[in-house]
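Taking it in order: structure first as structure tokens, then the write-up.
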Amino acid sequence: MVTPLPTEFYLQDTREAAKKLLGQLLVRTLPTGETLSGVIVETEAYLRDDPACHAYKGQTPRNAMMFGPPGQAYVYFTYGLHMMLNLVCAPTGTAEAVLIRALEPVDGIDAMRLNRGGILETKQLTNGPGKLTQALALTRLGHNGLSITDPASELRVMPHEIPPFETVETTRIGISRGAELPWRYYVRGNGCVSRK
DNA sequence: TGTGCGATCCACT
DNA sequence: GTGGATCGCACAC
């Protein structure tokens with residue numbers, strides 16, 4: 001029986017966790033019992049004292065989940081349209097997280113295509129943070145605060161092996177403050193990465 | 001109580 | 001390559 005990555009994984013340095021999450025398997029179980037999954041191929045780290053971090057200015061009802069224990073999902077809504085999936089890292093109260101930006105679909109590709117509402121190439125299903133939450137049917141009300149370490153959880157990160165790959169470190173996307181910090185990581189050459 | 005803007009995506013040029 | 005959609009939150013008044 002394979003178990004999810006343990007809570008301890010999320011207690012290491014958040015940038016290290018962001019790097020090591022590349023190649024791991026994000027698994028989503030639907031209420032129907034159907035399983036959707038994808039390999040994590042792109043992440044970004046958001047740290048305390050990081051001006052781009054939602055928690056930079058202190059705790060609010062919106063970002064409260066980031067201040068909670070590590071190993072749970074922080075799902076939030078932005079641009080009036082999109083959901084973002086983050087994994088909370090560092091000890092309770094620290095408020096650091098890893099943004100999951102892209103997946104390579106593995107299981108449940110037909111269901112993902114339905115959730116995305118169109119005939120799309122497989123790599124188009126989850127090659128962006130707003131797209132992958134839609135493909136996996138993640139919502140703020142339903143999944144914010146969900147454990148990702150509990151084997152019975154609807155959403156969890158499973159240890160996974162993929163062929164050796166090169167990790168690219170670069171600057172983060174879509175932010176104005178702290179934009180110069182090289183805390184975005186992706187699998188070089190993977191077609192599902194959101195943007196070069 | 002009002003206003004500005006954001007860790008984006010997609011259609012259209 | 002560019003701009004519109006669209007809404008919750010933070011902060012100013």
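All values derive from a computational prediction rather than experimental measurement.
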Listed pairs, N/O of protein and of nucleotides 1-4 of chain B, under 3.5 Å:
none

Fill in: Near-strand residues of residues 9-20 of chain A, defined as heavy-atom separation under 4.0 angstrom from DNA chain B
none
Fill in: Set of side-chain contact (heavy atoms from CB on, under 4.5 Å) partners for Ile162(A), sequence neighbours left out
Val39(A), His160(A), Phe165(A)
Fill in: Side chains of Gln72(A) and Tyr10(A) in contact at under 4.5 Å (non-hydrogen atoms)
no
Worksheet item: Any side-chain heavy-atom pair from Tyr185(A) and Leu21(A) closer than 4.5 angstrom?
Response: no
Discussion item. My understanding is that only residues two or more places apart in sequence, or in another chain, count here; which of them pass side-chain contact (heavy atoms from CB on, under 4.5 Å) with Ala52(A)?
Written reply: Tyr46(A), Asp50(A), Arg172(A), Ile175(A)
Discussion item. Is any side-chain heavy atom of Asn86(A) closer than 4.5 Å to one of Met66(A)?
Written reply: no
Practice prompt. Pick the P atom in dG2(B) and in dT6(C), then give their distance to the nearest Å.
Written response: 22 Å
Fill in: Value rounded to 0.5 Å, distance of OG1 in Thr78(A) from CZ in Arg140(A)
12.0 Å
Worksheet item: Going through the distances and angles, do Leu138(A) and Met83(A) end up as a side-chain contact (heavy atoms from CB on, under 4.5 Å)?
Response: CA-CA 8 Å; Leu138(A) 297 173; Met83(A) 311 302 305; 5.8 Å; no
Discussion item. Would you say that Tyr74(A) contacts Asn144(A) through its side chain, given a criterion of any heavy-atom pair below 4.5 Å between the two side chains?
Written reply: yes
Discussion item. Is the shortest side-chain heavy-atom distance between Leu136(A) and Met112(A) below 4.5 Å?
Written reply: yes
Worksheet entry | Evaluation steps, side-chain contact (heavy atoms from CB on, under 4.5 Å), between Tyr76(A) and Met84(A) | CA-CA 5 Å; Tyr76(A) 75 93; Met84(A) 300 283 160; 3.3 Å; yes
Worksheet item: Nucleotide by nucleotide, 5' to 3', does protein get under 4.0 Å of the base (B), only the sugar-phosphate (S), or neither (-) in nucleotides 4-11 of chain C, counting heavy atoms?
Response: --BB-SSS
Fill in: Near-strand residues of residues 172-181 of chain A, defined as heavy-atom separation under 4.0 angstrom from DNA chain B
Ile173(A), Gly174(A), Ile175(A)
Worksheet, complete the sentence: Taken in chain and number order and not counting sequence neighbours, the residues that satisfy salt bridge (charged side-chain N to carboxylate O under 4.0 Å, His left out) with Asp110(A) are Arg113(A)
Which atoms of nucleotides 10-13 of chain B (N or O only) lie under 3.5 Å from a protein N or O atom, and what are those distances?
from: dC10(B); atom 1: OP1; to: Arg116(A); atom 2: NH1; distance (Å): 3.1
from: dC10(B); atom 1: OP1; to: Arg116(A); atom 2: NH2; distance (Å): 3.4

Discussion item. Once salt bridge (charged side-chain N to carboxylate O under 4.0 Å, His left out) is applied, what residue pairs with a partner in residues 52-69 of chain A remain, sequence neighbours excluded?
Written reply: none
Fill in: Heavy-atom check, side chain of Pro151(A) versus side chain of Pro4(A), under 4.5 Å
yes
Worksheet item: Rounded to whole angstroms, how far apart are OH on Tyr56(A) and C1' on dG6(B)?
Response: 17 Å
Discussion item. Could you check whether any side-chain heavy atom of Leu181(A) comes within less than 4.5 Å of a side-chain heavy atom of Leu47(A), counting everything from C-beta outward?
Written reply: no
Worksheet entry | Consecutive-pair stems (3 or more, Watson-Crick or G-U, under 3.5 Å) for DNA chain B | B:1-6 with C:7-12, B:8-12 with C:1-5
Worksheet item: C1' atom, dG1(C) versus dA7(B): distance in rounded Å?
Response: 22 Å
Worksheet item: Would you say the side chain of Asp107(A) lies within less than 4.5 Å of the side chain of Val27(A), judging by non-hydrogen atoms?
Response: no
Practice prompt. Any salt bridge (charged side-chain N to carboxylate O under 4.0 Å, His left out) involving residues 154-169 of chain A? Give me the pairs, sequence neighbours left out, ordered by first then second residue.
Written response: Lys19(A)-Glu169(A), Arg28(A)-Glu154(A), Glu166(A)-Arg188(A)
Worksheet item: What residues form a ring pair (Phe, Tyr, Trp, His ring centres under 6.0 Å) with His82(A), not counting sequence neighbours?
Response: none
Practice prompt. Identify the residue among Leu25(A), Leu87(A), Thr149(A) that makes a side chain to side chain contact (heavy atoms under 4.5 Å, CB included) with Val157(A).
Written response: Leu87(A)
